[in-house]
Structure formats: structure tokens, C-alpha cells
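Taking it in order: structure first as C-alpha cells, then the write-up.
Positions are given from 1 along the sequence.
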Amino acid sequence: MPSGSTEQIAGNVYPKYSTRNPVARRLVHGYLTDFDELVGLCSAGEILEVGCGEGYLARRLAATCSKVRAVDISYEIVAQAQSLTRSNERNRLCFSATSLYDLNPDLDSAELVVCCEVLEHVDDPEKAFERLAALANPFLLVSVPREPLWRVLNLMRGKYWSSLGNTPGHLQHWSQRAFLDMLQTRMELVAVRTPIPWTMALCRHGK
């Protein structure tokens with residue numbers, strides 16, 4: 001994703017779901033456990049995932065939801081996601097290459113909008129969040145790396161020393177409190193989870 005472009009939103013640029021590192025696998029297991037729990041609170045019949053990457057979460061969602069639409073800015077990554085989709089999933093799961101900013105709330109809204117590991121890559125997160133909130137009808141599930149813990153863990157494993165532990169492509173750096181404060185400017189917090197090293201929140205529009 002080119003740095004400095006608010007028109008580019010690509011999710012899951014690091015293949016954490018397929019890592020063989022035992023420590024990373026344990027962290028991802030905790031992440032997915034909390035993710036499944038928050039999705040279960042919505043009982044959504046239709047889900048839109050923004051920044052779907054190779055489609056791991058979209059396929060996970062399709063196991064329990066009858067209609068999942070997943071978008072990513074990259075045509076190449078969408079083609080890869082489609083190639084990984086099993087034949088028995090294709091009637092419930094649809095991938096397309098689309099920018100978040102090209103999604104129309106009147107046409108593309110969903111009961112649950114999912115946007116995980118994306119907002120840290122954009123240079124105007126408020127603009128991106130505004131569009132996500134407009135698409136959510138009524139739920140939005142979002143997650144981002146939790147700082148400064150994320151950078152500390154990178155340094156502990158000997159990564160990205162020259163950038164003080166910052167993962168390449170991460171333009172935004174939120175503490176848990178700062179991220180939740182941003183979410184509450186437009187939506188109501190339903191539930192928050194903090195699987196190490198992420199902040200994950202389920203939001204909804206107030207009744």
C-alpha cells in the first residue's frame with residue numbers, strides 16, 4: 001500500500017494467520033477467540049469485511065453467516081483470496097477489489113462491518129472511520145495494534161530496530177484509550193477486548 005494515500009486500504013498485509021512461530025500462533029489464537037466472541041454478540045445475517053487480505057477472516061465469518069462480502073484495494077490479493085475459497089463457501093462468500101471510499105452506504109451497508117488491522121495503515125484514519133461508521137447498520141468491529149506494546153514486542157524479537165520497532169507501513173499508533181476515544185466520537189462501544197498485542201472493539205450506532 002503506498003504511503004500517504006487515503007485512497008488505499010489493504011488489510012492483513014502480514015500473514016499472521018499462517019505463521020508457524022509458536023509464540024505468534026498463541027497470540028493469534030487469543031485474537032481469534034476474542035474476534036469470534038464479538039462477532040457472536042451481533043447475530044448478523046450479513047457481514048461486510050473491509051481490507052480482507054487473503055480472506056482468512058472472511059472465510060471464518062462465512063462458516064456461521066449466510067452472506068459475507070469482502071473487499072480489498074488490491075486486485076492481486078483479492079484474486080488470491082478467491083483462489084483459496086472452497087467450492088462449498090462460494091454461495092455465502094463474495095470477494096471484490098474495491099476501495100473503502102468507493103463503497104456507498106446506501107448500497108453497501110451491512111448489519112456488521114468488519115475492519116481488522118487496517119486503520120493503522122491509512123494517513124487519515126478519521127476519514128476512514130467516518131466511512132466505516134456510515135456503512136455499519138448498526139455494528140462495526142475493528143481492531144488495531146496496541147501501542148506502545150506492539151513496538152516493544154517487535155524490539156524484543158529483534159525486528160525493526162532502525163524504526164524503533166515500528167512495523168513497515170504502520171502510519172498510525174494508538175494506545176487503547178486513544179483508539180477507543182476516536183471510536184466513541186461517532187459510535188457507542190458495545191464491548192472491548194484486548195488480546196495481546198491488539199485493541200479490538202465492537203461498536204454500534206445508538207438506538
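- For P105 against A134, the heavy-atom pair with the smallest separation is CB-O, 3.6 Å.
- By the criterion of side-chain heavy atoms lying less than 4.5 angstrom apart, applied directly or through intervening Ile, Leu, Val, Met, Phe, Trp or Tyr residues, L84 is not grouped with I47; the two fall into different hydrophobic clusters.
- Atom NE2 of H205 is separated from atom CZ of F139 by 10.5 Å, given to the nearest 0.5 angstrom.
- When each of V192, T199, L202, L189 is paired with L183, the side-chain contact (heavy atoms from CB on, under 4.5 Å) condition holds for L189 and for no other.
- One finds the CG atom of L140 at 9.0 Å from the CG atom of L135 (value rounded to the nearest 0.5 Å).
- When all heavy atoms are compared, the tightest approach of V190 to C203 is CG2-C, 4.1 Å.
- Across all non-hydrogen atoms, the minimal contact from C52 to D72 is N-OD2, 3.3 Å.
- In this structure a side-chain-to-backbone donor-acceptor pair under 3.5 Å is present from E111 to G45.
- Here the straight-line distance linking atom CG of L38 with atom CE of M200 works out to 6.5 Å at 0.5 Å rounding.
- Checking side-chain atoms of D108 against main-chain N and O of N104 turns up a donor-acceptor pair under 3.5 Å.
- No side-chain heavy atom of L32 sits less than 4.5 Å from a side-chain heavy atom of H29.
- Under the 4.5 Å side-chain contact rule for hydrophobic residues, L155 and I196 do not share a cluster.
- Under the 3.5 Å distance criterion, the side-chain polar atoms of R204 are left unmatched by any main-chain donor or acceptor of C42.
- Once rounded to the nearest 0.5 Å, the distance linking CD of E54 with CZ of R59 reads 8.0 Å.
- A continuous path of ILVMFWY side-chain contacts below 4.5 Å connects V28 to M156, so both sit in one hydrophobic cluster.
- S99 places a side-chain N or O within donor-acceptor distance of the main-chain N or O of Y101, the cut-off being under 3.5 Å.
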Per-pair distances, 0.1 Å, donor-acceptor, side chain in residues 141-153, under 3.5 Å, sequence neighbours excluded:
from, atom 1, to, atom 2, distance (Å)
S143, OG, Y31, OH, 2.7
S143, OG, E117, OE2, 2.6
R146, NH1, W198, O, 2.3
E147, OE1, R151, N, 3.3
W150, NE1, T167, OG1, 2.7
R151, NH2, H173, NE2, 3.1

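- Side chain of R92 to main chain of S66: no donor-acceptor pair is present (N/O by atom type, distance under 3.5 Å, no hydrogens or angles).
- Here the side chain of T185 pairs a donor or acceptor atom with the backbone of M182 at under 3.5 angstrom.
- Here the CD1-OG1 distance, from I73 to T98, works out to 7.5 Å after rounding to the nearest 0.5 Å.
- L132 has its side chain within reach of L119: a pair of non-hydrogen atoms, C-beta onward, lies under 4.5 Å apart.
- Using modelled atom types, one side-chain atom of E49 and one backbone atom of A58 make a donor-acceptor pair closer than 3.5 Å.
- Panel note: side chain E120, backbone V118; a donor-acceptor pair is recorded below 3.5 Å.
- Judged by distance alone, the side chain of N154 and the main-chain N or O of K159 form no donor-acceptor pair under 3.5 Å.
- Between T194 and Q176, the closest side-chain pair of non-hydrogen atoms falls below 4.5 Å.
- Side-chain contact between V39 and L41: absent, with no pair of heavy atoms (C-beta onward) separated by less than 4.5 Å.
- Taking all atoms of both residues into account, the shortest heavy-atom contact from S96 to V78 is O-CG2, 3.6 Å.
- Between V122 and L171, every side-chain heavy-atom pair lies at or beyond the 4.5 Å cut-off.
- Considering every non-hydrogen atom in both C65 and A44, the closest pair reads SG-O, 3.6 Å.
- At a threshold of 4.5 Å between non-hydrogen side-chain atoms, the residues L164 and N166 do not count as touching.
- Residues that satisfy the side-chain hydrogen bond (donor to acceptor under 3.5 Å, both in side chains) test with R69, not counting sequence neighbours, are E46.
- Atom-to-atom distance recorded for R131:CZ and D102:CG is 8.0 Å, nearest 0.5 angstrom.
- With hydrogens and angles ignored, the 3.5 Å screen pairs a side-chain donor or acceptor of R90 with a backbone N or O of T85.
- The local environment of CZ in R86 is sparse, with at most 12 non-hydrogen atoms from other residues, nucleotides or ligands closer than 6.0 Å.
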